[in-house]
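No hydrogens, no waters, no symmetry mates; every other heavy atom, side chains included, goes into these values. In what follows, chains are A, B, ... by sequence order, proteins preceding strands, each numbered from 1. Here the structure is a predicted model, which means the values were calculated and not measured.
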2 protein chains.
Amino acid sequence: MKEELTDRQKEILDFIQQYTFVNGFPPTYREIGKHFNISSTFGVKRHIYALVKKGHLTNESKTSRTLSIIDEGLNKSRQVLDNIVGLPIVGRVAAGYPLLAEENIEGNMMIDSSLLSSKIGCFGLKVRGDSMINAGILENDLVIVSPQKEAINGDIVVALLHDEATMKKFEIRENKIYLVPENEKYKPIEVDNVEEFSIIGKVIGVFRTYN
Amino acid sequence: MKEELTDRQKEILDFIQQYTFVNGFPPTYREIGKHFNISSTFGVKRHIYALVKKGHLTNESKTSRTLSIIDEGLNKSRQVLDNIVGLPIVGRVAAGYPLLAEENIEGNMMIDSSLLSSKIGCFGLKVRGDSMINAGILENDLVIVSPQKEAINGDIVVALLHDEATMKKFEIRENKIYLVPENEKYKPIEVDNVEEFSIIGKVIGVFRTYN
DNA sequence: CATAATAGTGTCCTTTTGTTCACTGCAATA
DNA sequence: TATTGCAGTGAACAAAAGGACACTATTATG
């Protein structure tokens, strides 16, 4: 794709790249010329033309400072960025607080959006306790929560019950809501007072690291 | 340092940032105006002035397309990139094959390096079977493997035994190597022939998604 | 109510910038 | 030797872009 450059062309390409990096915008022909002691813009222009023709540079708009270096590295970073979502890691889930209030954010994680089915508004939450151990969710795991108010049978949800946050399996039996732990040590919780119960979101992912 | 922006100013800053990111050079006043239906360059100029005064933008040279965003914005994308590592997802682990041969790669995932202790040479592996269920690793989970030849007691390792890949807990008792499943259904495997045994790597992370 | 602060219009002006053209010099090469 | 490709000069020109000014409209606030 990209053809070989002459030494001079390479120098000029490097200058454009560095200038752009430092300043945040590309140089004009005259600025390039000044740097290389090329007094005529035409001399510069022919170098640019060569760089464009050889596939190292873009110069589409004819107006000033519109040189753009074609760099797979940079493009890659753009593509990568598109697929990356940043999730806040929430320290505590409490009633009354806006969940993502700044004081609740413990950190951030970046994750490939292809690993998540939904990506809007998700956040990470560190697991406390071992009540979901049989579902493969251990203490200190990081669960990824997709905020939603409803749930269906079998969903693992993060919910507020009596102003306390828990993560359990959501089940409805005979019109009663149960929060079912996945650990023989604990018993299902029957939600008696629906007023004091609300679903924060559904667990859509689990992440754990060793050491 | 940076003062609060009005909504409009925020919009315009965002546009400049995005434009610059996409094109490789910043927009002109008229381009900004066109995007926001501001017909006069002066209207745009005052926004720019405000952004500069509030410390979000640089506009030193008076010539065209010389806006430069001060924010971590651009830097952020670089910083973010630095923290992102791309892991190949390996379909099968087999003897004799170079592990990361192209035909073995099923996909890629991006992940925040802060979530990983080690980041060199790691790869993702889809879990088959339920032998590690008590360690919270379920079938179809994606484990992140750090390649290494050695292991210590208690490590969860991916290993080749008789040309077959397994994931088990690594244990040495009385000079014998055992591969211990974390599931009552299965019995520990004693490694009798060390010749036919090799450790691929250590599991340093687990990732799972629901639905 | 008066006063800022923010937001926008339209016009005119000057500078910057890219474009074009004709011409020169040099080195490699067929 | 003639040709080709690269590199540069100098001047003249039109388009693009930023700057300035006077004026209007809206909204919040003391």
Problem set entry | D:dA17 OP1/OP2 closer than 4.0 Å to side-chain N/O of A:Arg65 | no
Seminar exercise, completed: In whole angstroms, the gap separating C1' of D:dG5 from CZ of A:Arg8 amounts to 16 Å
Seminar exercise, completed: note: B:Tyr49, atom OH; C:dT6, atom P; distance rounded to Å ~ 11 Å
Problem set entry | Whole-Å distance separating the NZ atom of A:Lys10 from the P atom of D:dC6 | 14 Å
Exercise. Are any of the side-chain nitrogens in B:Lys169 or B:Glu182 under 4.0 Å away from the carboxylate oxygens of its partner?
Worked result: yes
For this session: Answer yes or no: does a side-chain N or O of A:His47 lie under 4.0 Å from OP1 or OP2 of D:dA7?
Result: yes
For this session: Could you tell me the separation between the CD1 atom of B:Ile48 and the P atom of D:dA17, rounded to a whole number of Å?
Result: 14 Å
For this session: Ignoring hydrogens and angles, answer whether the base of C:dG10 and the side-chain atoms of B:Ser40 contain a donor-acceptor pair closer than 3.5 Å.
Result: yes
Problem set entry | Reported NZ-to-OG distance for the pair A:Lys187 and A:Ser131, which is rounded to 0.5 angstrom | 14.0 Å
Exercise. Which one, C:dA7, C:dT20, D:dG8, comes nearest to the side chain of A:Lys45?
Worked result: C:dT20
Problem set entry | OP1 or OP2 of D:dA17 under 4.0 Å from side-chain N/O of A:Thr63 | yes
Exercise. Checking only heavy atoms, does the side chain of A:Thr41 share a donor-acceptor pair with the base of C:dT19 at less than 3.5 Å?
Worked result: yes
Exercise. Would you say A:Ser39 reaches D:dT9's phosphate, i.e. side-chain N/O to OP1/OP2 under 4.0 Å?
Worked result: yes
Exercise. Would A:Arg8 and A:Glu11 pass as an ion pair if we require N to O under 4.0 Å?
Worked result: yes
Exercise. Where is the tightest heavy-atom contact between A:Met132 and A:Lys168, given as atom of each residue plus distance?
Worked result: SD-CA, 3.8 Å
Give each protein N/O atom lying under 3.5 Å from an N/O atom of nucleotides 23-30 of chain C, with the pair distance.
none

For this session: Nearest-nucleotide wise, let me know which of B:Thr66 and B:Ile12 is further upstream toward the 5' end of DNA chain C.
Result: B:Ile12
For this session: Taking the six-membered ring for Trp and the full ring for Phe, Tyr or His, determine whether the centres of B:Phe207 and A:Phe207 are under 6.0 Å apart.
Result: yes
For this session: Within residues 25-37 of chain B, find the residues that approach DNA chain D with a heavy atom at under 4.0 Å, and present them sorted by residue number.
Result: B:Thr28, B:Tyr29, B:Arg30
For this session: Kindly assign one of parallel, tilted or perpendicular to the pair B:His35 and B:Phe15, based on the angle between their ring planes and the thresholds 30° and 60°.
Result: parallel
Exercise. Who are the side chain to side chain contact (heavy atoms under 4.5 Å, CB included) partners of A:Thr63, not counting sequence neighbours?
Worked result: A:Ser61, A:Thr66, B:Arg65
For this session: Would you mind checking if A:Asp141 and A:Lys126 are paired as a salt bridge, meaning a charged N to carboxylate O distance below 4.0 Å?
Result: no
Exercise. C:dT19 C1' sits how many Å from A:Asn59 CG, rounded?
Worked result: 12 Å
For this session: Compute whether any side-chain donor of one residue and acceptor of the other, for A:Tyr186 and A:Asp130, lie under 3.5 angstrom apart.
Result: yes
